[in-house]
Amino acid sequence: MAVNEPLPGTSDLWEPEVSDWLLLENKAREVFPRYGYSELRTPIFERTEVFVRNLGSETDVVQKEMYTFQDRGGRSLTLRPEGTAGVMRAIANRGLDQGEEARVFYFGPMFRGERPAAGRRRQFHQVGVEAVGADSPWMDAECIAMLTHFIEELGIRGGKVMLNTRGLPEDRDAVSAALKEYFLPHVGGLCEDCQRRLDSNVWRMLDCKNPACHEVALEAPKILDLLCDTSRDFFARVCQGLRDLGVDFELAPRLVRGLDYYVHTVFEITHSGLGAQDALAGGGRYRISLPGDKRTLEGIGFAAGMERLLLARESLGLKTEAGAQTDTYLISLGENAILAGLKLAGELRTKKLGGRVKADFSARSMKAQMRTANREGASVVLIQGDDEIAKGVVTCRNMKTSEQATVSLAELAAWLTKHA
RNA sequence: GUGGCUGUAGCUCAGUUGGUCAGAGCGUCUGGUUGUGGCCCAGAAGGUCGCCGGUUCGAGACCGGUCAGUCACCCCA
């Protein structure tokens, strides 16, 4: 049995869950193009270098979560742990003219070697967007609005937009210095991680979840207050754009997010229906150097966890229930009839009649076949035995009303149209 | 990677202080007369009690390990 179970953190997806996934994918394909974004599909594995370069060799994702392997040529390849790096690589490969923008969306499986928990899998799925070559704050506002639009279209209420800014790279030293100065006197009472972070990554001390650290971080200087005028002005425009678009948001002064390439806007959407991993989506503005391109490209993007979107829907009672598997069920009595059933089913499909047509080839009793038809939720049952075949008719039963009629093959189409 | 909880038929679970304890409900299959579902009744199939080892006269029950699930931490989506 164990050999048949999917690997930890992966799962087989059956109906009716597949329907929920299709809904998600279809919504992405419906909503994002309305904002001028087009779908991009990149490979599921890349040269390891693509991710190391883009995410940074020091990040947790790169250091301990990637599925990396050697191919037959000895190259180091990695299953993508996130979507942005591959998208950037694809954009670099195609080239982006000065002033040109690339607005794309994507979705698909990502892979990280983590311990599975609620809303966290080893093969998980993200739907994300990237708008590269766009450096306007209004772009940020529109991007966040698009995300909330998408989430609302999925029927997910109760998501909260948490918004902050990290300012420009030039601001970083001043902010770090101020934070260090603030935290230094308190460091004795903080968790081990934060004691280390004081030197390695003081920004992250702001969003530590350890109660003692959080207490201290509450009084920390606000990043926004430490930024230059340019940064503050940029952020003010993002906020204004969101207000003009009618998007509710909360300022989250301690939201910093993990990756170093973020500049200016950072945001998350949180939802209470998820358990400990309460982030539905996260993103921000970034500056990235594309390989083989001297320019630094700026962009804005986000990624949403599809499993988490589905969990949020589930917490709101929106999970798809199991439904009928079959619309028209063909019962055949006797060997001759089975062959007739095979042919009739084929004709129905060719003529696009009867919806989902399933023929029973089991040669079981009438009763047994009827039971199966009923269990599968068939709305119509067509019965053929030697009698019907001899007369060139089909016994048609409407399973909802229990009406039954003997219908000639010529009239079958009309009957099905009426009852199916 | 760390910790808590869990692991018995397809599903949900009972199984007292180790000794007919391998069970129930649901589901499935078959039947309740000659070609008819959903209700009802009857019968049947189906599990080496996650796996390995140990303690014991004897373990599903106790111990150790391992695998898996789940929740939390870390980190993130």
Side-chain angles (χ1 to χ4, degrees), chain A residues 1-11 55 59-65 80-84 107-128 147 151 191-194 196-197 201 204 207-211 255-259 267-271 274-283 301-312 326 329 331-334 337 360 362-389 395-404 406:
Chain A
M1 187 125 111
V3 295
N4 290 326
E5 279 172 18
L7 257 16
T10 69
S11 44
L55 301 174
T59 56
D60 279 1
V61 171
V62 168
Q63 286 203 329
K64 47 187 195 189
E65 295 177 356
R80 62 183 186 193
E82 54 90 55
T84 304
F107 56 78
M110 310 290 166
F111 304 85
R112 294 185 196 175
E114 297 184 284
R115 187 84 167 262
R120 192 166 68 199
R121 320 245 65 206
R122 289 186 178 166
Q123 175 177 334
F124 64 109
H125 300 75
Q126 289 186 328
V127 49
L147 174 56
I151 288 172
C191 71
E192 280 181 31
D193 285 330
C194 281
R196 184 168 40 75
R197 284 172 181 144
N201 194 352
R204 292 228 63 120
D207 66 352
C208 184
K209 283 172 189 156
N210 179 295
L255 174 66
V256 295
R257 297 189 58 75
L259 302 172
F267 60 92
E268 287 182 358
I269 312 278
T270 61
H271 195 275
L274 298 181
Q277 273 75 40
D278 69 346
L280 271 181
F302 63 74
M306 295 174 79
E307 281 82 359
R308 295 186 185 181
L309 291 170
L310 292 175
L311 277 176
T326 304
Y329 198 88
I331 289 179
S332 300
L333 303 165
D360 192 322
S362 69
R364 292 136 79 216
S365 70
M366 176 83 160
K367 182 174 194 158
Q369 296 189 58
M370 281 297 286
R371 265 208 274 259
T372 303
N374 181 61
R375 182 174 56 241
E376 299 203 356
S379 51
V380 162
V381 167
L382 306 183
I383 301 161
Q384 281 185 304
D386 291 336
D387 294 352
E388 283 85 356
I389 292 170
T395 298
C396 302
R397 183 176 180 86
N398 181 323
M399 292 294 275
K400 288 179 183 122
T401 63
S402 295
E403 288 176 86
Q404 196 160 303
T406 302

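The figures that follow rest on heavy atoms only: side chains count, while hydrogens, waters and symmetry mates do not. Predicted model only: the values in this text are computed from it and were never measured. Just so we're on the same page: letters track the sequence lines, and every chain starts at 1.
Out of B:A77, B:G32, B:G35, the shortest distance to the side chain of A:Lys367 is found at B:G32. The nucleotide whose nearest atom lies closest to any side-chain atom of A:Met370 is, among B:U36, B:C71, B:U30, B:U36. Comparing B:G37, B:U28, B:A77 against the side chain of A:Ala279 picks out B:A77 as the nearest. The side chain of A:Arg257 has B:A77 as its nearest neighbour among B:A77, B:A72, B:G37. The side chain of A:Arg364 lies closest to B:U30 when the candidates are B:G69, B:U30, B:G38.
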(message) Could you write out RNA chain B as dot-bracket? Rules: Watson-Crick or G-U wobble, both distances under 3.5 Å, brackets [ ] for crossings, | for pairs with another strand, dot for unpaired.
(response) (((((((..((((.....[...)))).(((((.......))))).....(((((..]....))))))))))))....
Between the protein and nucleotides 1-5 of chain B, are there any N/O to N/O pairs under 3.5 Å, and if so, what are the atom names and distances?
| residue | atom | partner | partner atom | Å |
| --- | --- | --- | --- | --- |
| B:U2 | O4 | A:Arg115 | NH1 | 2.8 |
| B:G3 | O6 | A:Arg115 | NH2 | 3.3 |

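Residue pairs meeting the salt bridge (Lys or Arg N to Asp or Glu O under 4.0 Å) criterion with at least one partner in residues 362-377 of chain A, sequence neighbours excluded, are A:Lys358-A:Glu376, A:Asp360-A:Arg364.
Judged by distance alone with a 3.5 Å cut-off, no donor-acceptor contact links the side chain of A:Lys400 to the base of B:G37. Between the side chain of A:Thr372 and the base of B:G37 there is no donor-acceptor pair of N/O atoms closer than 3.5 Å.
Under the salt bridge (Lys or Arg N to Asp or Glu O under 4.0 Å) criterion, A:Arg204 pairs with A:Asp207, not counting sequence neighbours. Annotation: salt bridge (Lys or Arg N to Asp or Glu O under 4.0 Å) contacts of A:Glu268 (sequence neighbours excluded): A:Arg257.
With rounding to the nearest 0.5 angstrom, the OG1 atom of A:Thr10 is 7.0 Å from the CZ atom of A:Arg121.
Residue-level contact check: A:Gly119 touches the bases, meaning some heavy atom is under 4.0 Å from a base atom. Counting any heavy atom pair closer than 4.0 Å across all strands shown, A:Glu388 reaches a base atom.
Within residues 302-311 of chain A, the residues that have a heavy atom under 4.0 Å from RNA chain B are, in order of number, A:Ala303, A:Gly305, A:Arg308.
Contact between the side-chain N/O atoms of A:Arg375 and the OP1/OP2 oxygens of B:G27 is not found at any separation under 4.0 Å.
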